[in-house]
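Below, read A as the first sequence line, B as the second, and so on, with proteins coming before strands; counting in each chain starts at 1.
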Amino acid sequence: MSGAGLEKPQLITHVQQSLSYTVFDCKWVPCSARLLCLGSVPRGTGIIQLYELQSGRLSLLREIEKAKPIKCGTFGATSLQQRYLATGDFGGNLNIWNLDAPEIPVYSVKGHKEIINSIDGVGGLGIGEGAPEIVTGSRDGTVKVWDPRQKDTPVANMEPVQGESKRDCWTVAFGNAYNQEERVVCAGYDNGDVKLFDLKNMSLRWETNIKNGVCSVEFDRKDINMNKLVATSLEGKFHVFDMRTQHPTKGFASISEKAHKSTMWQVRHLPQNRDIFMTSGGAGSLHLWKYEYPAQRSKKDSEGVEMGVAGSVSLLQNVTLSTQPISSLDWSPDKRGLCVCSAFDQTVRVLIVTKLSKI
Amino acid sequence: GRRARHMPAICRGLAQLRAPSPLEQSPGRSARSSRPWAAAERSPPCASPSRAQTLQSLAAPRGRPGLRRPRQPKQEAEEAGCGPAAAATSKRLDSCCRGSHAPPSVMSAEQEKDPIALKRSRGGDSGLDGLGGPGVQLGSPDKKKRKSNTQVNVPPFLFEAILYAPIDDISSTAKIRNETIFFTLYKKEVGMWESLIMENGDKEKMQRIRENAVIKAQEKADEEEKSKAVTKREHKKYALEATMKLEETERKRIENLKEEERKKVTEELEIWKEKQRNEEKQRRIQKEEKIHRERKLIEEKKKQEINKTKTLNAGTSKTRSIPTRAGSSGNIFSEKLKEESFPAPRSTSTIKISFTSRVFPTALRESRVAEEEEWLHKQAEARRAMNANFSELKDLNDEEKNPDWLKDKGNKMFATGNYLAAVNAYNLAILLNNKIPVLYLNRAACHLKLRNLHKTIEDSSKALELLIPPVPDNADARVKAYVRRGTAFCQLELYAEGLQDYEAALKIDPTNKTLEQDAEKIQHIINGTAQDS
């Protein structure tokens with residue numbers, strides 16, 4: 001590695017912690033140097049562990065065991081003071097926990113008939129406008145939006161038509177929450193469907209199919225007019241959609257890129273720079289990408305209707321950390337470049353990505 | 001006497017041009033020393049106690065192939081030149097030279113020939129003419145001097161002489177030049193030699209000496225090789241270690257850089273955490289202060305109220321209604337306000353979605369695309385195949401040449417119960433196009449009705465053959481085929497085969513109740529017969 005090579009951002013493993021259970025999700029606790037690991041203990045129960053990053057080590061602060069294994073969690077819909085964790089578990093239950101008093105959930109509902117694969121929250125943490133809401137996507141093919149103030153029933157339900165064979169929903173994400181009314185939910189399914197639901201109009205705004213099962217979708221920012229959407233899929237492909245211009249028939253412009261040579265499990269945008277995102281792969285590798293906008297983001301097609309122009313994506317750095325898939329990834333919103341990832345080899349790693357300010 | 005106990009030195013093959021040792025040269029030899037290449041001027045060894053001697057021998061005997069410099073005429077001249085002066089030398093040299101013309105052969109045998117060869121060689125022929133057999137090659141100098149007596153005919157040996165006393169074979173050399181070989185031999189022990197060459201001892205002794213010399217030569221060669229290999233290996237090892245060191249330093253450098261980054265970030269993190277903690281503390285302090293202030297205010301108010309009530313004589317004091325919670329009495333927490341300004345929860349509604357309908361009903365990851373493609377392809381092929389035997393069918397009109405039309409006709413006749421006619425229709429259709437599985441399927445049904453059970457089985461089997469690859473598209477057809485064949489088997493009382501077919505059908509369509517019941521019935525019959533027999 002020459003001196004010139006060191007100008008690229010480096011992904012350095014800061015701390016590595018071996019766990020005694022399968023970890024499905026890891027999240028930073030906002031405004032702190034603490035992180036959560038959610039997973040499934042071998043005896044079939046769920047576990048939440050709270051760690052603190054102290055002088056180069058992770059020290060376990062608290063461990064909470066629950067009845068069902070926990071698949072996913074989010075802090076997206078709570079306020080900064082309360083910092084309640086919303087989790088989805090293998091039994092289809094959505095629970096919101098107060099980590100200081102975790103015996104009884106603050107909110108609990110059996111939302112789905114099958115495992116909740118993915119969860120997202122918006123309206124909390126000072127990000128986004130409007131009511132705090134949580135969306136869950138499940139193997140039963142439905143996507144439901146919940147408001148913690150309304151018990152038992154979701155405020156929005158996206159389900160297949162009667163008699164339609166259902167496809168697993170693998171991932172959900174909020175976006176476009178730039179004012180109190182607007183909100184959009186994007187869901188990815190295992191047959192490659194990507195659907196965009198408009199919650200203001202309660203309608204399906206756009207859908208497309210990317211041929212391979214969609215493992216992860218994320219908007220680059222939840223709280224702005226929707227700008228970019230990244231969807232990763234099986235067989236190592238991801239698509240970046242430019243969401244600023246929607247063409248009535250062609251939908252959104254996109255580019256796709258192949259990497260990892262295996263399933264791309266997660267995509268996460270850097271909170272401090274919405275054009276940088278990291279993808280994690282089934283071979284235990286992480287790729288750091290940068291999106292560059294085209295000279296003109298929209299152009300007119302042959303009939304004079306506006307359509308979007310997709311830009312380009314370049315790989316900044318990649319590193320292989322493990323032999324098992326890295327199933328979950330989270331950037332710290334407080335410190336630029338600090339991120340945590342967890343893999344199926346039962347380890348959680350805290351990484352430092354350097355030189356991000358210079359990009 | 002003779003120093004017979006020492007291994008006599010032998011010089012082999014090659015002469016050198018090296019000047020003899022500077023030590024102890026007789027004055028008479030000066031000429032020699034300055035002109036070591038001069039032919040035949042070397043005086044016999046007995047003439048001086050010099051340490052060095054240069055022997056000449058002819059490099060290439062006449063007419064020997066494989067030798068580098070076979071030059072006959074020169075040889076003659078040299079011989080002539082060396083004749084008078086070195087006669088004694090050559091005589092002595094000859095005394096143990098094997099001048100045999102025979103090809104290189106067993107050493108001992110040559111020894112026998114020694115006198116003859118000597119005679120021959122003395123007889124005008126070059127004293128060293130007999131040197132080497134055909135194909136003698138010049139060996140390399142410095143390696144062939146061994147302390148023994150051997151024959152010279154065996155290549156690569158060129159010349160052999162058992163010297164009087166041992167010589168230092170490391171520093172002695174032999175050089176070839178211009179068809180002469182110069183030997184420079186250093187005596188091991190200073191002293192006069194009675195003769196250059198050891199007198200002919202008994203044959204066995206000579207033999208032994210020779211063999212020992214050979215063995216010694218071998219050993220020396222081996223040792224040299226070994227030491228060479230060892231040094232080579234050591235060099236390689238050294239090189240490897242050097243490269244490893246270089247790489248190690250490079251890696252360390254990179255590691256150090258990374259470590260520095262990590263340390264930097266850790267420090268920054270700690271600082272940031274400190275800041276957070278301080279901020280927390282501040283906020284808490286502020287909170288407490290505010291609460292304190294609030295309480296004070298409330299107490300004051302209370303006092304005022306009490307005074308008021310005292311004056312007013314009111315029963316209940318309003319104080320109880322004043323909440324002590326800090327939150328409501330003033331907007332300390334701006335966040336709280338914000339919370340209350342959230343819009344109401346959405347009104348519940350549902351969006352119905354449908355999933356992408358695909359050409360094939362399975363998603364890519366479960367896709368049986370290849371098979372389904374194959375099936376479609378086959379169907380297309382079947383449609384196109386027209387194995388019509390036109391001569392026979394000239395009397396059919398166009399309609400009747402269409403297998404589909406015929407199939408429909410057949411179906412209609414089956415429905416009315418005219419099974420024979422249906423069979424005819426299907427037969428014709430198959431004649432026209434024998435790749436359509438449904439024709440066989442329907443014909444099987446007809447035969448079943450007509451109780452042509454073997455034909456049923458045949459046709460069902462043919463249909464099943466045409467229905468590969470198994471895809472959801474042709475599931476129904478396959479079920480029908482299995483059922484019809486199964487029925488035929490059962491009616492032929494081949495219940496085991498029948499059951500097999502029913503089970504296959506059930507596998508494709510597990511939800512069909514009639515199939516299940518029929519399969520059970522057959523099972524019972526089989527069990528029943530087993531019991532009976």
So, A:Asp168 versus A:Asn117: side-chain donor-acceptor pair below 3.5 Å or not? no
Between A:Gly123, A:Ala131, A:Ser332, A:Gly337, the one whose heavy-atom pairs under 4.5 Å with chain B are most numerous: A:Ala131
Against chain B, label A:Pro154 side chain, backbone, both or neither, depending on which of its atoms sit under 4.5 Å from a heavy atom there. backbone
Which atoms of A:Ser32 are under 4.5 Å from chain B, going by heavy atoms: the side chain, the backbone, both sets, or neither? backbone
Step by step, work out the ring-ring contact (aromatic ring centres under 6.0 Å, His included) result for A:Tyr189 and B:Phe355. CA-CA 9 Å; A:Tyr189 296 83; B:Phe355 295 104; 4.9 Å; yes
Which residue pairs satisfy the side-chain hydrogen bond (donor to acceptor under 3.5 Å, both in side chains) criterion with at least one member in residues 264-274 of chain B, sequence neighbours excluded? A:Lys335-B:Glu268, B:Glu274-B:Arg277
Contact origin within A:Leu338 toward chain B - heavy atom pairs under 4.5 Å: side chain
Shorter than 4.5 Å, heavy atoms on both sides: which option in A:Val143, A:Asp193, A:Ile12 has the most such pairs with chain B? A:Asp193
Partners meeting side chain to side chain contact (heavy atoms under 4.5 Å, CB included) with A:Asp223 (sequence neighbours left out): A:Ile127, A:Arg221
Check: A:Gln150/B:Thr348 side-chain N/O donor and acceptor closer than 3.5 Å: yes
Just so I understand: if I count every heavy-atom pair under 4.5 Å between each of A:Met202, A:Gln54, A:Lys144, A:Gln162 and chain B, which residue has the most? A:Met202
Can A:Ser79 and A:Gln82 be counted as having a side-chain donor-acceptor contact under 3.5 angstrom? yes
Per-residue contact mode, A:Arg183 against chain B (heavy atom under 4.5 angstrom): side chain
Interface moiety of A:Asp147 toward chain B, non-hydrogen atoms closer than 4.5 Å: side chain
